[in-house]
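Reckoned from all heavy atoms, side chains included, excluding hydrogens, waters and symmetry mates.
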Amino acid sequence: MERTVGSGTATVEAVADGTFVVRVDGSLQSQVDLADPTHLAFEYMRRIGDVVDAVAARKQPISVLHIGGAGLSLARYVAVTRPRSRQIVLEPDEDLTEFVREALPLPKRSGIKVRPETGRAGISGVYEDSVDLLIVDAFVREAVPENLVTREFAAECARVLRPGGVLVQNLIDGSAGLAFVRRVAATAREAFGQGVVLAERKVLRGKSFGNVVLVASRQPVPDLTAAGRRAQPPYEVMPLTELAGKAEPLTDGETFVSPAAPSGTFG
């Protein structure tokens with residue numbers, strides 16, 4: 001299936017394993033398993049799934065704000081594992097959302113509400129202290145939007161999260177020294193104080209481009225060491241303070257560019 005949407009040409013393709021892949025202008029956005037929404041095909045999504053499982057017991061309803069929607073894979077995961085959860089998804093491409101809903105229908109009474117807004121604009125309309133888990137997984141042409149990693153945005157995240165709430169951000173980097181994710185880590189450390197990052201060892205060492213999942217909270221975050229060892233491939237759990245080092249937080253007032261994944265990195 002193919003359709004022109006706000007961000008380009010979207011396609012939904014069936015895969016041999018029974019899942020469906022969502023692409024926009026050829027860029028891989030999501031992989032959805034309608035038969036088993038707990039099946040998270042992407043490695044970084046499985047890491048976020050580990051965070052969800054550590055934050056709340058199965059069948060315990062939670063309040064989740066997602067920034068970035070596409071195929072709604074993580075929202076589907078929460079809806080199935082924690083029925084009656086209240087979920088809001090901020091996805092600015094309304095045409096893409098409509099296409100995904102038609103091609104890959106959501107379960108009935110999923111509790112998932114999609115708002116056609118960007119993360120930065122949409123979060124301002126979310127009530128204070130109303131969210132248990134905030135998942136930021138938004139990209140523009142395989143790069144993280146700059147206005148979703150700054151001090152000012154982190155302050156908004158802290159505002160909407162409950163005192164024990166958890167922020168999860170999917171980032172990408174692979175440069176020597178990891179300058180970008182170090183500064184994002186410093187930004188989250190300033191706003192929340194506690195946290196870790198989850199990534200493959202080769203990515204943390206700057207030897208390979210890939211995903212770095214940042215987890216932050218005003219309370220100590222759950223221990224994900226055992227989950228990282230069980231994962232395939234395994235991932236490291238590094239304290240936020242260790243990664244941030246002496247890096248300075250990012251701000252709205254400066255000019256910077258988040259690293260874009262080299263062509264073909266994510267299929």
Side-chain angles (χ1 to χ4, degrees), residues 1-15 18-42 44-45 48-49 52 61-127 130-145 147-148 153 156-157 160 168-170 172 266-267:
M1 300 177 67
E2 180 178 305
R3 183 175 301 180
T4 300
V5 298
S7 50
T9 300
T11 60
V12 174
E13 309 159 8
V15 183
T19 63
F20 296 86
V21 167
V22 180
R23 299 180 187 270
V24 176
D25 286 345
S27 176
L28 189 60
Q29 302 292 310
S30 301
Q31 191 163 346
V32 176
D33 190 332
L34 291 178
D36 180 12
T38 66
H39 171 210
L40 298 173
F42 295 171
Y44 85 85
M45 284 194 178
I48 296 177
V52 175
I62 55 175
S63 173
V64 187
L65 174 64
H66 302 261
I67 294 181
L72 305 170
S73 300
L74 287 165
R76 296 171 196 266
Y77 178 83
V78 173
V80 169
T81 59
R82 289 148 182 90
R84 303 184 307 284
S85 290
R86 183 176 64 86
Q87 300 192 77
I88 296 173
V89 180
L90 303 179
E91 169 53 66
D93 193 333
E94 195 167 9
D95 294 332
L96 176 60
T97 298
E98 181 182 352
F99 180 43
V100 166
R101 283 182 177 275
E102 290 178 11
L104 306 170
L106 290 169
K108 292 182 179 179
R109 297 182 294 279
S110 68
I112 300 169
K113 299 184 184 300
V114 184
R115 296 179 181 174
E117 299 177 289
T118 64
R120 194 62 185 267
I123 197 172
S124 64
V126 178
Y127 291 122
S130 64
V131 175
D132 297 309
L133 183 64
L134 199 173
I135 299 174
V136 184
D137 183 20
F139 288 82
V140 176
R141 305 209 178 278
E142 299 193 349
V144 180
N147 67 358
L148 297 184
F153 175 71
E156 278 292 278
C157 293
V160 303
V168 184
Q169 282 186 285
N170 178 34
I172 54 174
F266 301 115

Report task. Decide yes or no on side chain to side chain contact (heavy atoms under 4.5 Å, CB included) for V144 and F139, but give the supporting numbers first. Result -> CA-CA 5 Å; V144 180; F139 288 82; 3.6 Å; yes
Query - Criterion side chain to side chain contact (heavy atoms under 4.5 Å, CB included) on F153 and I123, from CA distance to verdict - result: CA-CA 9 Å; F153 175 71; I123 197 172; 4.1 Å; yes
Query raised in the report: Once you round to the nearest 0.5 Å, how far does CD of Q169 lie from CG of D137?
Result: 10.5 Å
Report task. Locate the shortest heavy-atom distance separating R76 from G71; write the atom from each residue and the value. Result -> NE-O, 2.9 Å
**Report entry** Side-chain heavy atoms of V114 within contact of L72, under 4.5 Å
**Finding:** yes
Query raised in the report: Would you say E94 has more than 12 foreign heavy atoms packed within less than 6.0 Å of its CD?
Result: no
Requested in this report: Run the numbers on L34 and L104 for side chain to side chain contact (heavy atoms under 4.5 Å, CB included), then give the verdict.
Outcome: CA-CA 7 Å; L34 291 178; L104 306 170; 4.0 Å; yes
Requested in this report: Check the pair E98, R3 against side chain to side chain contact (heavy atoms under 4.5 Å, CB included), reporting the backbone distance first and the verdict last.
Outcome: CA-CA 10 Å; E98 181 182 352; R3 183 175 301 180; 4.2 Å; yes
Report summary line: In short, E91 meets T97 closest at the heavy-atom pair CG-OG1, 3.4 Å
Query raised in the report: Which pair of heavy atoms, one from A143 and one from I172, lies closest together, and at what distance?
Result: CA-CD1, 4.5 Å
Report task. Please determine, by modelled atom types, if T11 and E13 share a side-chain donor-acceptor pair under 3.5 angstrom. Result -> yes
Report task. Say whether R86 and S63, considering side chains only, have a donor N or O and an acceptor N or O under 3.5 Å apart. Result -> yes
